Protein chains: 2
Amino acid sequence: MNVLEKIVNSVTNFSKSERKVAEVILANPQTTIHSSIAALAKMADVSEPTVNRFCRRLDTKGFPDFKLHLAQSLANGTPYVNRHVEEEDGPEAYTAKIFESTMAALDSARHNVDINTINRAVDVLTQAKKISFFGLGASASVAHDAQNKFFRFNVPVVCFDDIVMQRMSAINSAEGDVVVCISHTGRTKNLCDIASIARENDATVIGVTAYDSPLARECTLVLSLDVPEDTDMYMPMASRVAQLVLIDILATGFTLRRGSKFRENLKKVKDSLRGSRFEKKDNPA
Amino acid sequence: MNVLEKIVNSVTNFSKSERKVAEVILANPQTTIHSSIAALAKMADVSEPTVNRFCRRLDTKGFPDFKLHLAQSLANGTPYVNRHVEEEDGPEAYTAKIFESTMAALDSARHNVDINTINRAVDVLTQAKKISFFGLGASASVAHDAQNKFFRFNVPVVCFDDIVMQRMSAINSAEGDVVVCISHTGRTKNLCDIASIARENDATVIGVTAYDSPLARECTLVLSLDVPEDTDMYMPMASRVAQLVLIDILATGFTLRRGSKFRENLKKVKDSLRGSRFEKKDNPA
DNA sequence: GCACATTTGTAATTTTATTACAATAAACTT
DNA sequence: AAGTTTATTGTAATAAAATTACAAATGTGC
């Protein structure tokens with residue numbers, strides 16, 4: 001356990017003077033690691049040996065060792081845990097929490113995702129005659145993003161966030177076409193229909209969705225991303241970031257499969273943007 | 001920069017004896033933080049002052065301070081470094097690399113982002129009569145996502161990924177309106193125009209873009225995210241994830257500012273989706 | 001209110017780090 | 001290549017910091 005947490009947890013075991021020391025340390029931990037035992041003792045208005053005893057009570061070898069542990073706690077604190085945003089949080093607090101819980105979500109997704117399925121999805125995508133990305137609501141922007149990526153590969157790509165268009169597109173799909181359905185919950189009725197229609201027309205359907213959901217059952221291949229979502233906010237946040245990263249992975253797999261010759265192509269696409277941009281001073285031509 | 005990396009990087013600037021010290025430290029960093037200067041000097045077979053000079057060369061105040069920095073580096077363990085995808089990478093490799101570099105990007109963004117500006121942006125957004133999100137290319141999907149979030153707040157929100165629509169919308173903006181322009185590079189000419197037009201019409205312009213870019217100069221408020229992008233892939237990946245997280249943060253700040261009463265509203269929006277979804281077995285009604 | 005235990009502080013000691021300076025080694029000049 | 005300069009390293013003295021031993025003070029139970 002982290003020293004800082006340890007201090008908080010064992011406050012009850014401390015004596016009066018030790019508590020004074022704890023308070024000073026918790027109030028300015030960053031200062032503490034750069035202070036001598038004498039300075040800290042003075043700040044807490046106790047004697048030096050009291051500080052030393054305080055350190056020992058926390059199972060450290062002494063004051064310098066304690067500072068080491070404290071420094072480590074401060075370096076990363078609780079690395080990437082899913083901390084929920086609370087009513088009273090100020091900007092620093094909620095910013096940190098959202099970054100951290102997003103990272104925690106990615107970390108979790110990384111361990112849960114099935115590499116094998118990813119590989120098969122890449123297989124299917126590289127051989128596709130046409131690729132369609134469908135999503136609704138929050139997942140629509142993920143579908144758009146996917147389109148923006150795969151479009152660069154010079155493959156026919158479509159993306160619809162309109163049920164009617166999706167439906168028409170699905171009905172027109174044929175063998176060799178790949179339909180990617182994106183939905184965090186996997187319970188959106190309309191999207192399940194789309195998946196079902198596409199399959200009936202012999203398209204391969206990849207679901208970026210929850211394993212064991214109605215949508216998953218309609219798909220040929222399911223890419224599941226078990227992400228713990230903070231439902232307090234009533235908005236999909238971390239889950240959608242994980243979906244995007246998954247798209248990045250599929251796109252990367254795609255380019256790698258196609259080989260280096262193909263990557264020249266990507267460079268061309270990127271270079272084509274130059275005309276629409278202001279040049280960087282240090283990057284003429 | 002992390003002390004360990006610093007040692008590796010500045011190895012060329014070291015003298016012979018200092019290099020001996022560096023080797024010993026790199027070989028057993030964990031031991032180092034629990035050693036005295038005398039012990040370390042002996043291990044490296046140099047004198048104590050040499051060790052001290054070594055520490056100073058690394059911009060630390062002395063040996064104890066150096067140990068503190070080293071402890072922090074070790075705590076971090078630099079778990080999420082930006083590892084580049086390579087030609088020969090298999091699915092496990094590139095999947096892991098993309099997850100990790102995305103997380104590294106978020107970690108970096110977290111430390112670079114200016115909380116103060118975030119707070120001011122939230123201020124401005126909560127007071128907006130109308131909010132517009134504009135992005136082009138890869139940033140368009142970020143804009144869509146933002147729309148999807150802010151739309152739930154029952155505030156007038158628009159989002160265009162079409163230059164003509166953006167232009168018309170910008171020209172019609174007025175005091176009290178907030179325009180959010182999203183662009184990783186900040187060099188997209190058309191978007192700079194939009195920002196400029198919006199400002200001329202007294203709208204507040206928030207730029208989610210690179211600090212010190214043409215777009216940034218047109219904005220009232222700049223939210224910069226200094227993310228190291230893997231340009232080998234010729235696609236914006238990590239940077240766009242960071243932008244999304246930033247949107248999440250702004251949306252969260254918005255809801256917190258509005259208070260708990262307002263959050264009831266969000267729940268209603270979410271509940272409204274129920275009809276379009278298959279119910280969960282364990283969640284009837 | 002006294003004996004005992006716990007907590008806290010003072011002062012001495014020890015450990016640890018730093019400084020000042022001298023010796024050595026390397027580089028450069030003529 | 002010898003002499004001069006500069007950089008590097010080490011020795012010994014000094015200073016700083018932390019720890020220990022012990023004594024005073026405070027609190028607790030009977």
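Chain A is the first sequence line, chain B the second, and so forth, proteins listed ahead of strands; every chain is numbered from 1. Hydrogens, waters and symmetry mates play no part in the numbers below; they use all other heavy atoms, side chains included. The shown structure was predicted, so the numbers you read here are calculated from the model rather than taken from an experiment.
As a whole-Å value, the separation of B:His34 NE2 from C:dT16 C1' is 16 Å. Put simply, CG on A:Asp45 is 10 Å from P on C:dT10, counting in whole angstrom units. The distance between atom CG of A:Asp65 and atom P of D:dA18, rounded to the nearest whole Å, is 12 Å. At whole-Å resolution of the value, CZ in B:Arg56 and P in C:dT18 are 6 Å apart. At whole-Å resolution of the value, CZ in B:Arg19 and C1' in D:dT8 are 13 Å apart. In this structure, A:Phe54 places its CZ atom 16 Å from C1' of C:dT8, rounding to the nearest Å. For B:Phe66 and C:dT18, the CZ to C1' distance is 17 Å, given to the nearest whole Å. As a whole-Å value, the separation of A:Lys67 NZ from D:dA18 P is 5 Å.
Distance from the side chain of B:Phe63 is smallest to C:dA17 among C:dA17, C:dT10, D:dT19. Minimum atom distance to the side chain of A:Pro49 is reached by C:dG9, of the listed C:dA17, C:dG9, D:dA12. Here C:dT18 is the nucleotide among D:dA18, C:dT8, C:dT18 with the atom lying nearest to any side-chain atom of B:Asn52. The side chain of B:Arg53 lies closest to D:dT9, out of C:dA17, D:dA12, D:dT9.
Using a 30° and 60° split on the angle between ring planes, A:Phe54 and A:Phe66 fall in the perpendicular class, above 60°.
Salt-bridge check for B:Arg53 with B:Glu18: failed, with every basic side-chain N at 4.0 Å or more from each acidic carboxylate O.
A:Lys20 contributes a side-chain N or O that, together with a main-chain N or O of A:Asp45, makes up a donor-acceptor pair within less than 3.5 Å.
Here B:Lys16 reaches the OP1 or OP2 of C:dA26: one of its side-chain N or O atoms lies under 4.0 Å away. Contact between the side-chain N/O atoms of B:Ser36 and the OP1/OP2 oxygens of C:dT15 is not found at any separation under 4.0 Å.
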request  = Under the side-chain contact (heavy atoms from CB on, under 4.5 Å) rule, what do B:Phe99 and A:Asp107 come out as? Steps first, then yes or no, please.
outcome  = CA-CA 8 Å; B:Phe99 267 116; A:Asp107 199 43; over 6 Å; no

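The heavy-atom pair separating B:Val122 from B:Arg257 by the smallest distance is CG1-NH2, 3.6 Å.
When the nearest nucleotides of DNA chain C are assigned to A:Glu48 and A:Arg57 by heavy-atom distance, the more 5′-ward of the two goes with A:Arg57.
If you check every strand for non-hydrogen atoms under 4.0 Å, B:Val46 touches sugar and phosphate atoms only.
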